Amino acid sequence: MSKAQEKLQFYRNASNKVIGYILDNTHFKLLSKNVSFTKQLWYARLDTANGYQYRQPKQVADGLLTGHVAQSGLDTALLSQMVRKISNGTYPNVHSVLIIKDGKLVFEEYFYEYTRDKLHELRSATKSFVSALAGIAIDKGYLPSTDVPVLSFFPEYAIANITDDKKQITLEHLLTNQSGLDCDVTRSDSPGAEYKMNTSDDWVKFTLDLPMLEPPGRIGRYFSGNTILAGRLWKNRPRWPYLTLTIYWPGLWRAI
């Protein structure tokens, strides 16, 4: 069983070696066994075996001032204890901890293979950015409201499974995961199961082509395809670069 309680079936070649697996009748082949992993992938920190020593965050040209934690009023002993517990696995899977106090970055620590300069997957945190951009677009008059129907924003696609219900999908429905599209992530046999979208050539088309499960606005179903559509409304729109820069305030890139 997978982590999502989906049944996985591994299959072997004539030499009885695993060469892939099957999920919901879809075959995934083993591409290579020549994979190596660094120590940083498995261990949170390799430099804290003899204790942790605080260093003030480096001042870089990102518009965010830094300061020393000793002048912040924060409990330095607790912060040191936190780093030790992250390092020894008591607090697992923490990638970074950054603390801004009184407008200054006073604490900046990274773990595993993550660093200040490494891009980090935002995954579903992107949903909050897309909804914020929608609000900015409405405030600036680039969109009339969240009630605007969305299919007309995708003239480059010949959309499948067109119904009157699908024509009624609005930006509001996408942002609230109430599009009505058949994208039940709790069912591996759903047409919109996300692993199917992940292996498709075009995530926008995949989502637009899904059949409807019910009229939009009735039931909320968590599905990244909704946000992907919402985030594409501004494609080829001249104000899109402005909207992007509006939300990325100084220093934000450190935290993501």
Side-chain angles (χ1 to χ4, degrees), residues 4 95 119-256:
H95 297 171
L119 294 177
H120 196 292
E121 289 188 18
L122 289 178
R123 292 188 177 270
S124 289
T126 306
K127 294 176 173 62
S128 297
F129 285 87
V130 171
S131 62
L133 289 171
I136 294 171
I138 292 170
D139 180 65
K140 300 298 182 181
Y142 306 144
L143 284 175
S145 72
T146 56
D147 294 328
V148 60
V150 297
L151 293 193
S152 62
F153 284 81
F154 302 96
E156 67 271 32
Y157 290 101
I159 301 173
N161 297 307
I162 284 287
T163 65
D164 289 339
D165 284 341
K166 182 177 280 193
K167 293 176 182 178
Q168 299 305 312
I169 297 175
T170 66
L171 176 58
E172 174 82 11
H173 297 139
L174 297 180
L175 296 176
T176 58
N177 279 314
Q178 298 182 66
S179 63
L181 294 169
D182 193 345
C183 51
D184 190 346
V185 296
T186 65
R187 293 175 27 237
S188 62
D189 62 340
S190 170
E194 287 200 10
Y195 79 89
K196 297 178 182 178
M197 181 180 73
N198 293 341
T199 56
S200 67
D201 294 330
D202 187 332
W203 291 1
V204 173
K205 178 172 176 53
F206 176 90
T207 304
L208 288 170
D209 286 350
L210 287 174
M212 297 293 291
L213 197 58
E214 69 268 326
R218 288 191 179 180
I219 299 176
R221 287 188 175 84
Y222 192 86
F223 177 52
S224 295
N226 290 323
T227 307
I228 290 170
L229 290 188
R232 286 291 296 271
L233 295 189
W234 292 272
K235 184 183 179 184
N236 300 327
R237 303 274 187 307
R239 294 293 185 176
W240 170 246
Y242 169 77
L243 292 175
T244 304
L245 293 173
T246 299
I247 195 169
Y248 283 88
W249 59 83
L252 179 63
W253 65 274
R254 290 195 192 221
I256 57 176

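All of these numbers come straight from a predicted model, not from anything done at the bench.
Nearest heavy atom pair, residue P144 against residue V148, reads CG-CB, 4.3 Å. Summarising the geometry of F206 relative to S200, their closest heavy-atom pair is CB-OG, 3.7 Å, with the distance given to 0.1 Å.
By the 4.5 Å heavy-atom criterion applied to side chains, Y157 and D202 are counted as neighbours. In this structure, the side chains of S224 and R123 stay at 4.5 Å or more apart for every pair of heavy atoms. In this structure, L143 and F153 have side chains that are in contact, with non-hydrogen atoms separated by less than 4.5 Å.
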Could you pull out every donor-acceptor pair under 3.5 Å between side chains of residues 209-217 and any protein atom, sequence neighbours left out?
{"residue": "D209", "atom": "OD1", "partner": "A160", "partner atom": "N", "Å": "2.9"}
{"residue": "D209", "atom": "OD2", "partner": "K205", "partner atom": "NZ", "Å": "2.9"}
{"residue": "E214", "atom": "OE1", "partner": "R221", "partner atom": "NH1", "Å": "2.9"}
{"residue": "E214", "atom": "OE2", "partner": "R221", "partner atom": "NH1", "Å": "2.6"}

Which pairs of donor and acceptor atoms, one on a side chain in residues 174-183, lie under 3.5 Å apart (sequence neighbours left out)?
{"residue": "T176", "atom": "OG1", "partner": "E172", "partner atom": "O", "Å": "2.7"}
{"residue": "T176", "atom": "OG1", "partner": "Q178", "partner atom": "NE2", "Å": "3.2"}
{"residue": "N177", "atom": "OD1", "partner": "F223", "partner atom": "N", "Å": "3.4"}
{"residue": "N177", "atom": "OD1", "partner": "N226", "partner atom": "ND2", "Å": "2.9"}
{"residue": "S179", "atom": "OG", "partner": "L181", "partner atom": "N", "Å": "3.3"}
{"residue": "S179", "atom": "OG", "partner": "N226", "partner atom": "OD1", "Å": "2.8"}
{"residue": "D182", "atom": "OD1", "partner": "S190", "partner atom": "OG", "Å": "3.3"}

Derivation and outcome, side-chain contact (heavy atoms from CB on, under 4.5 Å), residues V150 and L229: CA-CA 8 Å; V150 297; L229 290 188; 5.5 Å; no

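Between the NZ atom of K127 and the OH atom of Y222 there is a distance of 3.5 Å, given to the nearest 0.5 Å. To the nearest 0.5 Å, atom CD1 of residue I228 and atom OG1 of residue T126 are 9.0 Å apart.
Counting only residues at least two apart or on different chains, the side chain to side chain donor-acceptor pair (under 3.5 Å) pairs with a member in residues 160-171 are T170-H173.
Side-chain atoms of W203 do not come within 3.5 Å of backbone N or O of G225 as any donor-acceptor pair.
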